[in-house]
Structures are given as structure tokens and as C-alpha cells.
Amino acid sequence: MFNVIAQRLQQGFRTSAYPKTEPQLPDRFRGLPIVDATKCPDGCQICADACPTNAMLTGDGTLRVDMGRCLFCVECATACPAGAVSYSQEYRLASRTREGLITDGRGFELAQALEGTTRRLFGRSLKLRQVSAGGCNGCEADVNVLSTVVFDLARFGIQFVASPRHADGLLITGPVTENMRFALEQTYEATPAPKIVIAVGACAISGGPYIDLEQTHNGADSVVPVDLYIPGCPPHPWTILDGLLRLLGRLEEGSLERPAPAAAGK
Amino acid sequence: MATSYAQLSRIPLAEAVRLADIPRLPLEAFRGALFDETNQGSRVAALFGRPQSPQLVRLYAVLTHAVDGTISLISCDVSDRYESFTPACPQVHWFEREIAEQWGVVPEGHPWLKPIRFHASYRPGHDAWSRTVGATIWPSVTDFFQVEGREVHEVGVGPVHAGVIEPGHFRFQCHGEHVFHLEISLGFQHRGIERALIGGPNKRTIPFMETLAGDTSIGHTTAYCQAIETLSRRQPPLRAQALRGIALELERLANHTGDLGALAGDVGYLPTMAYCGRLRGDFLNATAAICGNRFGRSMVRPGGVLWDVDAVRGEQLASRLAPALVDVDGAAELLWNSRSVVTRFEDTGRVTKEVAEALGLVGPAARASGIDRDVRRDFPSGIYRFALVPAMLWTTGDVFARAYVRWLEIQRSGQFVLEQLHALPATDLRAETGPLAPDSLAVSLVEGWRGEICHVAITDQAGACAHYKIVDPSFHNWIGLAMSLRDQAISDFPLCNKSFNLSYCGHDL
């Protein structure tokens, strides 16, 4: 018994003060991509060619990143000869729309809150059923981690429940394999309306690394309508939490100015 | 009929072999070699098929000899059926089911011949279950082992589970609470990765490796990179090897710590659950401090690594890891000193050494049953050739043993990481990998946190990937979980499941 108390003191209080304070992220964290088309040599396609998921949209003197496909790897930034691509420390990346995930480097619209009835119903209490449909256990793990003492998801009234019949919505990870399509449809059907769907990670948004493979579909919205997209591979837990809280209207709304680049270097 | 034991040539692991040099044995000699070698204590790290013509499938076996750290490669050609190896060599049971599903080759007399991933045959017109081309294949719709009797009942669970966890289907044959048998049917996560790798390497290859089992990104990507390095005859610089080792052990630390917390949570012991949940994150954050991603994405690449740890960063990491290790120590001690926890863990989900050996279990699950098996020592590659991580054993084979082996490994891995951080060799981070040897085969082994990861790469005449075989440790170990449930209460299932914590996507590929 004394050991338990002594250990409790040793382990300390670990729940983050977020959202009162900003989360601590590692200096090499790759957040919102920063692209600057003015630096691009004419007709250059190097970043687009290097990108494993074809997330770089080039042409007509513009350069945009589709964060719904982006794996936040280093291929584009490493390949670019002109320094036109880099990553910022900005972790707030969720969007209510698929198009909203496409950034041209001039800022980014933060996710809007739910409206009307759904916001009134879910704003202070949201129960989610998680469905992994071909997920690699990366997104699943960093969704799960929200329930640990550090993030303490329950203090925001959000919980993962064991059955879709107890849920207000689904949180989907993975590209939706053909072998999970039916189970996902059934789980969606079993969730009482009104319901919401949240797609977490590049796979669930676009297929991610599995885009256009024969055995997979290209993300959750190929099967069910999606209300919130949280990009990343996997998204950082803070990115997921920010997305959930914005959806519920629990954080201030707004848009981001062009963020400062992360410290360069390897 | 048996080939004599001495005839098989033993080759070092890190050597590519020309396909033409791989012994092609008559089926009976192949069978004899397989039985002889496994009877002598060697293992089958991989057994897979590759079509040679519309009528012939070539079977390749990768036999590993822990006694001297070498491997043997053998092959033989089969047509649509052959006599199953499984009855005499149970450790290949899952491989034979995979071959049957992929290539429509029937191992006659196999005791459990059912699909493992539920996809169409890769050789249209040849189907082990006589399904027609284009027929819809429903996952987990197959024959299940059934126990009959008036009071016997069946419990089905999944694919969608109650927790935040990947999908799979479990079917229990019960008498009241008592489980006679558990059958595990997977394939819901099947994405078709092995086939998508053919023709590579290309820009999609690395993301496949990093996400084929996303909690083992470092393990699988290192296994892939080693195969590529073997095929291009290039070794990564020493510093890169050390950094790969650090990343691999951090992956082990994070997952083992998370598992201890999850096991504590499953028996309702909340202090350790809460502490380990947080501490797991500390190890993931240490990985992110190195490469920017908590799961080690964008860390390992053919020829080396992408991110350095300089002296300052190394100090910062060490100064964060040391107290985290002290805290894991405290959290784990609470578990072992709580009689109610230990009593609940002990004698639950026992897998005997004989069963574990026969089924070819790997990793902590095997070591918890007293099998002295660890790739880092038996088939060392990279930094493990210079720095030994002792294999940690326990003998009871129960949930307690699987938890305790993890705890022992946490201590060894923590020490390894701290030592390596202070002794990083002063070399480059990456060597150029040249073109891959054509018409060759390379085997790569890594001790991931779940156990032995085996990758086999075969190149075509242009040096591109012609065939790629991935064996996640879960491929061997799912049957171990099924065995652990025999004669247990069904309420022990969550605990037994956590004590294995196997990968669905790593199995389903």
C-alpha cells in the first residue's frame, strides 16, 4: 500500500494543461507543409515526382499540397532543389472538407464546428466507435493514446464506446480494405442518427500509401459520408485532439497565417 | 528418401544467392530436408510459392540454423497438389495455408486447410477450394472447427471489436465459461502489399514498409533495407547501424511498456495502466525527437538513416530516457508486488515449450515458454554484431511469463539505448546503394518487438523486385494465442490476447 502511494508521488501529475497552453512538439516535428511557388523553377516537377502518394499539385505557376494524401515524410523537401517545400511546427490540420486539406502555403482554414442540432447534441458529450478498416495500427495507437492521462480525452466529454449502438459517430482509420467494406457499412448502419464520421490519417482520407490498390478503397468517404478529416501518417495526438475539439466548437475558430518554418537540419 | 543432413549448404545471412544456385530438390528430397533440419532444431523462417509456369509453382524454403547463424535455401516444383508437410512439421501449417490461398496449390492432408486472408487466387483457374474465377469471397466465411453437444455453444467476436483495435474474427467453442477451442480468422486488413511491391523498388516501396505493420515501422523498414543492402552489396555506415539499433529498441520499449500497461488495465490494476500509458508515449516521443515521427517514419532508408543524433541531442535524449526508465521500473514493480495481479497472471493462458517449439513461435511469446531464441543474438546484423542484447527467458509460458519477459527486455533495451547514445561511431549516415543483383534472392532477419521479422526479396533479370515475401512475427504467433485459450475461461481471452498483442495488418499484409 505504501509502495502504491510512494509510486503515485514519484510518477507525478502528468495531464497536460492543454488547451490553456500550447502542446510541446519535438523540433523535428513535421506539421503543416509550407510551399512557396515563387521559388519553383519553371516547369519543375521534382517534388511531385518524388512524392510517394502524389500529394504535390504543380502546374500553372502554383504549388499546392494535398494534405489528405500527404504522409508528412521528407521526400519532397529533400528532393526540391530550390527550397520551395518545408514543414512548419503547426499541428492544427483538421478540416471539415476534403478540399480544405489542400494548402497553397498561404495559410490554412481551421476546421469549422458542427452546426445546429448536431452541435447542440454532441458539443458537450461525444461518444465514438472506432473502426479500423485496413489501418496499420499507427492511427489506432495515436487515437488510443488520447485516453491516457496525458491527454485525458474524457475531460472534454469525448469517449470511445464498445458498440456502434452506443455511439454518436464513427472514427475511421485505414484505407477501407475490400474485406472491411461490408463490416464498415454495417457498423455505420448500426449507429443511430444523427451521426457523424471522422476520418483519421492519410489512409482513411485518400487511401494514403494504398491509393488505387486492387484490395483497397480510397478512404472512408468512398463508403460513408465524412464530417471531419484529420490528416497525417499518423496524425499527432494533438492534431487529432485539436480536430475533435474544433468539430465540437470547443476551441476558438479562425484561420492560420502563414506559419514559421521549422528549424531546418538533420 | 531423406536427404542427408550434411548435404544442405549453409550460407551466411547477409549474402545474396543467385536463383540458379538455389538447390532444386525433388519433392521427396525437399520434404526430407525440411523434416531433417527441423528435427535437428532448425526453423522454417519462410516457406512460399512462386509460379514458374501456368502449371508449376516453385516452393522456396528458408531454413535458419541458430546454432551457427547460417541459413539454407531449398526449392522444389509442385503442380496443383502435394502431400502436406504440416502433419510431420507443424510449424509450416500457416505457410501451407498461405501457399494454398495465393497459388491454388493444395497440401493434401493438411489438418486446417482454410484461407488465411480471403482473397482470390493469384493463379486464376487454380483454386484450392474450387471457387470459380470472379466469385465473391467473403472474409471469415469458411468452415470453422466446431464442437458438438447439448450444452456446447459458440461465441463469435469481431471483426469490429469493442476497443480501439484492428479487426479480426474470433470463434470460441465453449461449454459454459470453459473454452475448448478458439479459432482465429483474419484477413480483414488485407491490402495486397506483397503484390504491390513487385516491379519496385519505387517511390511507394518505403511507405508500404513503414505501414505494413505501423507499430513496427522501424523493424520492417530495417528488414527491407537490409535485404536491399544485401542485394546491392553495400553496408550502411556504422553510425547508421547504431541509430537503427536505437530506433529499433525504442520501438520495443514503447510497445513493451504499453503492453505492461494494457495487461495491468485488463486485470483492473489502474496505477500501472495509467503510468505505463504515459511512459509508452515518452518512448514514442524519443523516437519523434530523432526523426520527427512517433512511429519512426522517415528514419530508416536503404544504405543508412535520414536523421542524425549529435552530441547535444544525444544528451537530451539520454536525460529524458533515464528518468522514464526509472518510472517504468516503479510501475512494473507495483505489478509484481501486487499479489492479486500476479495470481491473475499466473497459470493463465499457458503455452508449453513443446507446443511453442512445434508451432515455431517467435519473440517474447517463445521466450516466455523457455525457448532461447532471439534474432539479435542468433542472426546478428547491423549494430547487433558488436553490441549484445541478452535474450531474456522465462519458462512458465503463461500470461505472467509473457509480461515478465517484456519487463526483462525493457531493462535490457533501455540499457542498450543509453549505451549506444553515448558511443555513436563518427561516420556518415548513409551509403549509396547500387543496382540490385539480378536473378537473386536475399533474406533479411530482424528481431522486432513481437519477434522474428523475415523478409525475402527476389529480383528479376533487370534487378527489379520479382517477388517479395514478408513474414511478420504474428504470422507464427496467432496460433499460439489460440493454443493459450485451450481449457481457459472465456473471460481470460482479453488477458491472453494482450499478452500476445499480435498484429492484424502485419499478418494480413
Side-chain angles (χ1 to χ4, degrees), chain A residues 3-4 7-8 10-11 14 26-30 49-53 71-75 78 87 129-145 147-150 160 162-164 174-175 177-180 182-183 187 203 208-210 213-216 233-234 236 266, chain B residues 117-119 138-139 159-160 162-167 187-193 195-196 203-204 206-208 210-215 217 258 271 274-275 277-278 280-281 284-285 288-295 297-298 306-308 326-327 330-331 333-334 337 429 503-506 508:
Chain A
N3 285 347
V4 177
Q7 196 50 229
R8 176 70 191 82
Q10 156 76 19
Q11 299 275 347
R14 299 291 183 167
D27 61 332
R28 287 172 173 175
F29 172 73
R30 291 182 291 278
D49 292 342
C51 177
T53 54
L71 305 182
F72 296 78
C73 68
V74 295
E75 302 303 331
T78 311
Y87 286 99
R129 172 86 282 261
Q130 203 274 326
V131 181
S132 171
C136 76
N137 209 24
C139 288
E140 291 79 354
D142 265 353
V143 166
N144 230 344
V145 85
S147 300
T148 63
V149 292
V150 178
F160 291 97
S163 165
T177 52
E178 172 55 20
N179 281 355
M180 266 306 283
F182 183 65
T187 309
C203 287
Y210 302 97
L213 291 196
E214 195 185 327
Q215 297 283 337
T216 61
C233 186
H236 196 281
K266 291 187 176 175
Chain B
R117 302 195 180 99
F118 298 90
H119 59 71
W138 291 97
V160 179
V164 180
I165 184 175
E166 298 175 66
F188 295 92
Q189 300 283 68
H190 180 57
R191 295 153 290 176
I193 293 174
R195 297 240 287 176
K203 66 180 185 176
R204 296 186 71 169
I206 286 281
F208 286 142
E210 290 184 334
T211 60
L212 76 88
D215 51 26
S217 293
Y275 305 149
R278 186 268 296 187
R280 172 180 166 279
L284 294 176
N285 289 340
I290 297 174
C291 69
N293 181 290
R294 283 156 55 92
F295 295 86
R297 312 280 161 84
S298 291
L306 290 183
W307 299 92
D308 196 14
V326 171
D327 283 354
E333 284 303 327
L334 284 185
N337 289 326
L429 291 180
S503 177
Y504 300 75
C505 56
D508 291 347

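Proteins get letters first, then strands, A, B, ... in listed order; numbering begins at 1 in each. Here the structure is a predicted model, which is why all the values come from computation and not from measurement.
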Subject >> Part of A/Ser163 within contact of chain B (heavy atom distance under 4.5 Å) >> reply: neither
**OP:** Please round to the nearest 0.5 Å and tell me the distance separating atom CG of A/Asp49 and atom NZ of B/Lys203.
**Re:** 6.0 Å
Original post:
Looking at A/Pro234 and B/Asn293, what are the two nearest heavy atoms and their distance?
Top reply: CD-ND2, 4.1 Å
Original post:
How far does CD of B/Glu166 sit from SG of A/Cys136, to the nearest 0.5 angstrom?
Top reply: 7.5 Å
Original post:
Which atom names give the shortest non-hydrogen contact between A/Pro52 and B/Pro207, and what distance separates them?
Top reply: CB-CG, 3.6 Å
**OP:** Would you please classify the geometry between the B/Trp138 ring and the A/Phe182 ring as parallel, tilted or perpendicular, with 30° and 60° separating the classes?
**Re:** perpendicular
Subject >> Engaged part of A/Pro164 at the chain B interface, taking heavy atoms whose separation is under 4.5 Å >> reply: neither
Subject >> Option that, when pairs with chain B are counted at under 4.5 Å, heavy atom only, ranks first among A/Ser132, A/Pro26, A/Cys51 >> reply: A/Ser132
**OP:** Calculate, to the nearest 0.5 Å, the distance between atoms OG1 and CZ belonging to A/Thr177 and B/Arg117 respectively.
**Re:** 13.0 Å
Original post:
Looking at B/Gly330 and A/Gln7, what are the two nearest heavy atoms and their distance?
Top reply: CA-NE2, 3.3 Å
Subject >> chain B contact via A/Arg8 - which portion, at a heavy-atom distance below 4.5 Å >> reply: both
Subject >> Main-chain N/O of A/Pro209 paired to B/Arg204 side chain as donor or acceptor, under 3.5 Å >> reply: yes
**OP:** Please tell me if the side chains of B/Val160 and A/Met180 come closer than 4.5 Å, counting only heavy atoms from C-beta onward.
**Re:** yes
**OP:** Would you indicate whether the side-chain heavy atoms of B/Arg294 and A/Val145 approach each other to under 4.5 Å?
**Re:** yes
**OP:** Tell me, out of B/Ser503, B/Gly277, B/Ser298, who's got the most heavy-atom pairs with chain A below 4.5 Å.
**Re:** B/Ser298
Original post:
Checking heavy atoms, do the side chain of B/Ile206, its backbone, both or neither come under 4.5 Å from chain A?
Top reply: neither
**OP:** Using a cut-off of under 4.5 Å on heavy-atom pairs, state which of B/Asp327, B/Ile290, B/Asp215 scores highest against chain A.
**Re:** B/Asp327
Subject >> Pair A/Gln11-B/Arg278, side-chain donor/acceptor within less than 3.5 Å >> reply: yes
**OP:** Name the member of A/Gln10, A/Glu75, A/Gln130 that forms the most heavy-atom pairs with chain B at distances under 4.5 Å.
**Re:** A/Gln130
Original post:
Most heavy-atom pairs under 4.5 angstrom with chain A, which of B/Ile193, B/Asp508, B/Asn337?
Top reply: B/Ile193
Original post:
What is the minimum heavy-atom distance between A/Leu213 and B/Ala196, and which atoms define it?
Top reply: CD2-CB, 3.9 Å
Subject >> Separation between CG of A/Asn137 and CZ of B/Phe295, rounded to the nearest 0.5 Å >> reply: 7.5 Å
**OP:** Can you see which heavy atom on A/Glu140 is nearest to which on B/Val164, and at what distance?
**Re:** O-CG1, 3.6 Å
Original post:
Which answer fits B/Ala274, side chain, backbone, both or neither, if we ask what part of it has an atom under 4.5 Å from a heavy atom of chain A?
Top reply: both
Original post:
Is it the backbone or the side chain of A/Tyr210 that comes under 4.5 Å from a heavy atom of chain B, or both, or neither?
Top reply: both
Original post:
Looking at B/Gly163, B/Cys291, B/Ala162, B/Gly214, which has the largest count of heavy-atom pairs under 4.5 Å with chain A?
Top reply: B/Ala162
**OP:** Counting only heavy atoms closer than 4.5 Å, note whether A/Arg30 contacts chain B via side chain, backbone, both or neither.
**Re:** both
Subject >> Where A/Glu214 and B/Arg195 come nearest, the two heavy atoms and their spacing >> reply: OE1-NH2, 4.3 Å
